[in-house]
Amino acid sequence: MSSQLAAFHLLVRIAPNPVAGEAVAVGLVFFDGQRYRFRFSPRKQRLAAELAPASRRIVYQLIQQVAQRLEGDTEARLRGVKANSPELIQLADWQYMNRYSNGLLQISNPNPVALFENDAPGTVFEQLYGRLVEKSRVVSAPSLDVFTSPAPVRALVERVKGSVHTELHLTDQLLSGLFFELDLTCLGLNGSFTAAHTLPLERFTMPTLQQHIFEYETAAQILTRTYEKSLEKSAFYVICDEPSQSKDPAKHKLWQVLKSHPVLKTLPTSQAEEVAERIEKTKAHRFLRPIRRGSRVRALQGT
């Protein structure tokens, strides 16, 4: 059992009276070794603003600036920028802010988090948030199991369910090394992978959507590495529709970034049959079966 020493968490605090040394923890930032997760408590933000009424507007602006910087980091990681790129927030940046953010906004010193092979980073984040920021029960981000697939996606599933895995709940019991759970519309293998993940952009918040995209890309990398297949020759589709730029510019920007993703391929819902056509052309088939701990993953040919 090995830990990822690169993981850390920190608190974002608002100090209504910095001289008194009192501060309200309004949010948590958690880096799991590959991406950031963050959340700011609306209740704690209101409390901080009430304690500093003269700086109410500045309080919200400061929190928004931190959130925007983290969102920019997430978008950069989706584009696959290099780890040392200035677009990404480095540990040294947080350490610098900890030393010099001693006014209204305060950043705690980053604290290392030991993540073990069976730890789900999303669960660790929720536990940290519930313990350090919001003591009340924290509801996890919604999953796709409450989502009813649109007609073209249902038609895709009906067309290929005799050949490949459909409506698959992917876990570490099926794919060794997976540290989260992911729902896939379909998944097949024959020389290369063909997969689809239906993602209704209009239904979920930005952090939830970013989490799904990150986890799907990670699953694609684990699959191709485990089965020694080419990531470039495989097709990992994201079935989603373009959000309204005027009504939801943030999600529209996310959609634009996703369109140029180096691993994932966006596909409008109306064109979901393209996934079925590729499955039929490549003669992809099912290959997964539950893993017995201690054994290696083996493909099931033709099952």
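- Of all heavy-atom pairs between Ala250 and Met206, the closest is O-CE, 3.8 Å.
- Considering only heavy atoms from C-beta on, Val12 stays 4.5 Å or farther from Leu62 through its side chain.
- Between the side chain of Glu134 and the main chain of Phe40, no donor-acceptor pair closer than 3.5 Å is present.
- Val153 is not connected to Val238 by any chain of hydrophobic side-chain contacts under 4.5 Å among Ile, Leu, Val, Met, Phe, Trp and Tyr, and they are in different clusters.
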Would you please test Arg154 and Glu158 for side chain to side chain contact (heavy atoms under 4.5 Å, CB included) and show each step? CA-CA 6 Å; Arg154 295 198 300 272; Glu158 286 298 315; 5.7 Å; no
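- Ring geometry, Phe31 versus Tyr36: the interplanar angle falls from 30° to 60°, so the pair is classed tilted.
- Separating the CG atom in Leu223 from the CG atom in Leu170 is a distance of 6.5 Å, to the nearest 0.5 Å.
- Summarising the geometry of Ala6 relative to Gly33, their closest heavy-atom pair is CB-CA, 4.3 Å, with the distance given to 0.1 Å.
- Ring to ring, Phe287 and His165 are close: their centroids are under 6.0 angstrom apart.
- Applying the salt bridge (charged side-chain N to carboxylate O under 4.0 Å, His left out) test to Asp248 and every residue at least two apart in sequence or in another chain returns Lys251.
- Within the 3.5 Å criterion, the main-chain N or O of Tyr216 finds no donor-acceptor partner in the side chain of His197.
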Give the intermediate values and the outcome of salt bridge (Lys or Arg N to Asp or Glu O under 4.0 Å) for residues Glu242 and Lys259. CA-CA 10 Å; Glu242 179 180 1; Lys259 280 185 64 179; over 6 Å; no
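- Taken to the nearest 0.5 Å, the CD atom of Glu232 stands 11.5 Å off from the OG atom of Ser192.
- Closest non-hydrogen pair, Ser244 versus Lys247, comes out as OG-N, 3.1 Å.
- With Arg286 contributing its side chain and Thr166 its backbone, the two residues share no donor-acceptor pair below 3.5 Å.
- The main-chain N or O of Leu189 is found under 3.5 Å from a side-chain atom of His285 such that the two form a donor-acceptor pair.
- Within a 6.0 Å radius of CD in Gln245, no more than 12 heavy atoms belonging to other residues, nucleotides or ligands are found.
- At a threshold of 4.5 Å between non-hydrogen side-chain atoms, the residues His261 and Thr266 do not count as touching.
- For the pair Asp32 (side chain) and Pro121 (backbone), a donor-acceptor distance under 3.5 Å is absent.
- The distance from atom OG1 of Thr198 to atom NE2 of His212, rounded to the nearest 0.5 Å, is 11.5 Å.
- Put simply, the side chain of Ser234 gets close to the backbone of Phe193: a donor and an acceptor are under 3.5 Å apart.
- Between Val275 and Val160, every side-chain heavy-atom pair lies at or beyond the 4.5 Å cut-off.
- Side-chain atoms of Phe38 and Glu71, non-hydrogen and from C-beta on, do get closer than 4.5 Å to each other.
- Judged by distance alone, with hydrogens and angles left aside, the side-chain atoms of Ser260 form a donor-acceptor pair with the main-chain N or O of Val257 at under 3.5 Å.
- Residues Ile222 and Leu264 are members of one and the same hydrophobic cluster, defined by side-chain heavy-atom contacts under 4.5 angstrom among Ile, Leu, Val, Met, Phe, Trp and Tyr.
- When every heavy atom of Pro243 is checked against every heavy atom of His252, the shortest pair comes out as O-CD2, 3.0 Å.
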Show, in sequence, the C-alpha distance, side-chain angles and deciding distance for Arg159 and Glu280, and conclude whether the side chain to side chain contact (heavy atoms under 4.5 Å, CB included) test is met. CA-CA 10 Å; Arg159 182 170 168 179; Glu280 292 167 355; 2.8 Å; yes
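- The side-chain heavy atoms of Phe236 and Thr224, taken from C-beta on, include a pair separated by under 4.5 Å.
- Ile58 and Ile63 fall within the same hydrophobic cluster, defined by Ile, Leu, Val, Met, Phe, Trp and Tyr side-chain heavy atoms under 4.5 Å apart, directly or through other members.
- Inter-residue side-chain proximity for Val29 and Ile107 is flagged as unmet; no heavy-atom pair is nearer than 4.5 Å.
- Here the side chain of Lys44 pairs a donor or acceptor atom with the backbone of Val133 at under 3.5 angstrom.
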Show the numbers, then the answer: is there a side chain to side chain contact (heavy atoms under 4.5 Å, CB included) between Leu156 and Ile239? CA-CA 11 Å; Leu156 160 64; Ile239 300 177; 4.0 Å; yes
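- Between Leu70 and Thr74 the shortest side-chain heavy-atom distance does not fall below 4.5 Å.
- The existence of a salt bridge linking Arg77 and Asp73 is confirmed by a sub-4.0 Å separation between a basic side-chain nitrogen and an acidic carboxylate oxygen.
- Atom CG in Leu209 sits 11.5 Å away from atom CZ in Arg203 (nearest 0.5 Å).
- What you find for Val24 and Ala48 is that their closest heavy atoms are CB-CB, 4.4 Å.
- Legend: ring pair (Phe, Tyr, Trp, His ring centres under 6.0 Å) pairs involving residues 43-83, not counting sequence neighbours: none detected.
- Looking at Ser108, its side chain does come within 3.5 Å of a backbone N or O of Leu11 through a donor-acceptor pair.
- Placement of Leu10 and Leu91 within a single hydrophobic cluster is found when ILVMFWY residues are connected by side-chain heavy-atom separations under 4.5 Å, directly or transitively.
- Within the 4.5 Å cutoff, the side chain of Val59 has no heavy atoms near those of the Val26 side chain.
- Remark: Arg57 CZ is loosely packed, at most 12 non-hydrogen atoms of other residues, nucleotides or ligands lying under 6.0 Å away.
- Residues Leu184 and Leu201 share a hydrophobic cluster, clusters being chains of Ile/Leu/Val/Met/Phe/Trp/Tyr side chains in contact below 4.5 Å.
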Let's go through Ile14 and Leu104 carefully: what are the C-alpha distance in whole Å and the side-chain angles of both, what is the deciding distance for side chain to side chain contact (heavy atoms under 4.5 Å, CB included) to 0.1 Å, and is it a yes or a no? CA-CA 6 Å; Ile14 295 295; Leu104 188 63; 4.1 Å; yes
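- Atom CD in Gln61 sits 7.5 Å away from atom CD in Gln64 (nearest 0.5 Å).
- For the salt bridge (Lys or Arg N to Asp or Glu O under 4.0 Å) with Glu126, the qualifying choice from Arg131, Arg37, Arg39 is Arg39, the only one to do so.
- Atom CG in Leu182 sits 8.5 Å away from atom CG in Leu168 (nearest 0.5 Å).
- In summary, the side chains of Thr269 and Asp241 do present a donor paired with an acceptor at a separation below 3.5 Å, with no hydrogens or angles considered.
- Each of Thr218, Val263, Leu258 was checked for a side-chain contact (heavy atoms from CB on, under 4.5 Å) with Ile213, and the lone residue meeting it is Leu258.
- Across all non-hydrogen atoms, the minimal contact from Ala83 to Gln90 is O-NE2, 2.9 Å.
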